[in-house]
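Here is the structure we will look at, set down as structure tokens.
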Number of protein chains: 2
Amino acid sequence: MTAKKIHKQKAYGEVGYALEEQVGFVLRRAHQRATSVFQRLMGEWDITPLQFAALVKIRDEGRVSQNQLGRLAYMDPATVMGVVGRLRTRGLIRVLADANDKRRTLLMLNSSGLELLEQLEPVALKVSEQTLDPLSKEEQKTLIELLRRFDVTAE
Amino acid sequence: MTAKKIHKQKAYGEVGYALEEQVGFVLRRAHQRATSVFQRLMGEWDITPLQFAALVKIRDEGRVSQNQLGRLAYMDPATVMGVVGRLRTRGLIRVLADANDKRRTLLMLNSSGLELLEQLEPVALKVSEQTLDPLSKEEQKTLIELLRRFDVTAE
DNA sequence: CCTAACTCATTTGTCTACAAATGATGCGGA
DNA sequence: TCCGCATCATTTGTAGACAAATGAGTTAGG
């Protein structure tokens, strides 16, 4: 019914600017899909992608300062503030002052954080799986590799 | 300098959960790159990726209702509200009531909206170009195609 | 022709995302 | 040694992203 209207979109070879061929647009779409799958599978634990990423990074490091965590998980300082605050409120991490550098706040998982993370990791693998479902195994590998190339540029 | 710390991240074949190999994580990264390039090139016009997408879609359709626009640009109703509000405030679109359906609000570009959009489109192409810069032409095509496959599922 | 189910715009609330500014602290070089 | 510059955490402000709820309006089926 409404499908007819859709065809008014600029088609592939058309002259003008085709929004759905621009990287930013399709990346946004793909990212929406990924977070949607994440919410569906992780919803029952009430955790967000960023909160999960933070837990993983904190555990991998043992102990990190907030800024360090931000660099590892690609969050800017303001965003880290929020994420860390919520993890702290939920009692998943321990926050302590760095004796060697009074500017720093050190973060580490406490036992409930570690326990939760261990429950979550297998689910996170399912999230990746389901997100990538429309692609063949070969294509999945290609996609991840191409996306990771955006990283090298450091910037 | 700090590069040494980075190697504490789980390496490729390691046992545990490797965050940087999960789709959601790399998609988020890639999307960050795209919006960062967008801001850098579009900053001088003070426009955001979503606002630009909305302008394109409104022009392509001629006139759209808000919900329709949301479906075309993949924004939910609450997000559309904000974007449309800002475009209206800046005087780029015209908002009128639909005579046939009193629930609906119709949107269309006014002359300044159209004029701005025409200035912006060539810049938007540069945004895509620069974003994709780390990849070869061949890889760029592959990436876009793979990303667009996430769309077909309709979901 | 009437009502139940749907659609539309809108609000509220939570969570990313980032720019820009701030004050406290640390550090390197003259 | 001390002074400028960098780094750290933090705040404020704007904008996307979405869930959930609401009331007005439309449509389809009985």
Side-chain angles (χ1 to χ4, degrees), chain A residues 1-2 5 24-25 27-40 42-43 46-54 64-71 73-90 95-107 155, chain B residues 1-2 5 24-25 27-40 42-43 46-54 64-71 73-90 95-107 155:
Chain A
M1 320 272 118
T2 54
K5 257 305 168 43
F25 193 81
L27 277 173
R28 175 168 157 275
R29 273 296 293 147
H31 183 238
Q32 279 178 341
R33 177 190 166 82
T35 59
S36 151
V37 172
F38 189 100
Q39 300 295 359
R40 184 160 60 244
M42 294 289 214
D46 193 38
I47 197 133
T48 67
L50 265 215
Q51 287 167 18
F52 175 74
V64 255
S65 72
Q66 281 195 193
N67 276 15
Q68 231 175 317
L69 174 60
R71 285 189 292 268
Y74 302 102
M75 314 179 211
D76 73 298
T79 304
V80 179
M81 283 296 295
V83 173
V84 165
R86 272 161 236 130
L87 294 178
R88 195 167 45 78
T89 300
R90 286 185 59 178
V95 177
L96 53 151
D98 187 329
N100 298 27
D101 187 339
K102 286 183 200 154
R103 296 168 304 175
R104 288 196 176 130
T105 301
L106 292 180
L107 311 173
E155 191 225 346
Chain B
M1 270 83 242
T2 53
K5 258 302 166 52
F25 193 81
L27 276 174
R28 175 168 158 274
R29 273 296 293 145
H31 184 238
Q32 278 178 342
R33 177 189 165 83
T35 59
S36 151
V37 172
F38 189 101
Q39 300 295 0
R40 183 160 60 245
M42 295 289 215
D46 192 37
I47 198 132
T48 67
L50 265 217
Q51 287 166 20
F52 174 74
V64 255
S65 72
Q66 281 193 193
N67 275 16
Q68 232 176 316
L69 174 60
R71 285 188 291 268
Y74 303 101
M75 316 178 213
D76 74 298
T79 304
V80 178
M81 282 297 296
V83 173
V84 165
R86 273 161 235 130
L87 294 178
R88 196 167 45 79
T89 301
R90 286 185 58 179
V95 176
L96 53 151
D98 186 330
N100 298 26
D101 188 337
K102 286 182 200 153
R103 294 169 304 176
R104 287 196 177 129
T105 302
L106 292 179
L107 311 172
E155 193 225 348

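When reading the values below, keep in mind they use all heavy atoms of this one structure, side chains included, and skip hydrogens, waters and symmetry mates. Quick caveat, the model's predicted, so the values are computed rather than measured. Here is the naming used below: chain letters follow the sequence lines, and residue numbers restart at 1 for every chain.
Residue A:Arg71 places at least one side-chain N or O closer than 4.0 Å to OP1 or OP2 of D:dC8. For the OP1/OP2 pair of D:dC8 and a distance below 4.0 Å, the side-chain nitrogens and oxygens of A:Gln68 include no atom meeting the criterion. For D:dA15, the OP1/OP2 oxygens have no side-chain nitrogen or oxygen of A:Arg28 closer than 4.0 Å. Of the side-chain N and O atoms in A:Arg104, none sit less than 4.0 angstrom from OP1 or OP2 of D:dA9. Contact check, B:Gln51 against D:dA15: no side-chain N or O comes under 4.0 Å of OP1 or OP2. Between B:Gln32 and the phosphate of C:dC18, there is a side-chain N or O to OP1/OP2 separation shorter than 4.0 Å.
Residue B:Thr79 is in base contact, counting any heavy-atom pair closer than 4.0 Å across all strands shown. Contact annotation for A:Gln39: no contact, since no heavy-atom pair falls under 4.0 Å across all strands. Using a 4.0 Å heavy-atom cutoff across all strands shown, B:Ser65 reaches sugar-phosphate atoms only and no base atom. Contact annotation for B:Val83: backbone-only contact, meaning every heavy-atom pair under 4.0 Å involves sugar-phosphate atoms and none involves a base. Residue-level contact check: B:Asp76 touches the bases, meaning some heavy atom is under 4.0 Å from a base atom.
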Begin from the C-alpha positions of A:Gln68 and A:Arg71 and carry the test side-chain hydrogen bond (donor to acceptor under 3.5 Å, both in side chains) through to its verdict.
CA-CA 5 Å; A:Gln68 231 175 317; A:Arg71 285 189 292 268; 5.5 Å; no
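Between A:Met75 and B:Asn67, it is B:Asn67 whose nearest contact on DNA chain C lies nearer the 5' terminus. Place A:Thr35 and B:Asp101 on DNA chain D by their nearest nucleotides, and A:Thr35 ends up nearer the 5' end.
A donor and an acceptor atom never sit less than 3.5 Å apart when one is taken from the side chain of B:Arg103 and the other from the base of D:dT26.
In this structure, the nucleotide among D:dT10, C:dT25, C:dA19 sitting nearest to the side chain of A:Gln66 is D:dT10.
The side-chain contact (heavy atoms from CB on, under 4.5 Å) test with A:Met42 is passed by exactly one of A:Ile47, A:Thr48, A:Thr35, A:Val37: A:Ile47.
Atom CG of A:Leu27 sits about 10.5 Å away from atom CZ of B:Arg33, to the nearest 0.5 Å. Considering CG of B:Asp98 and CG of B:Leu106, their distance stands at 4.5 Å, rounded to 0.5 Å.
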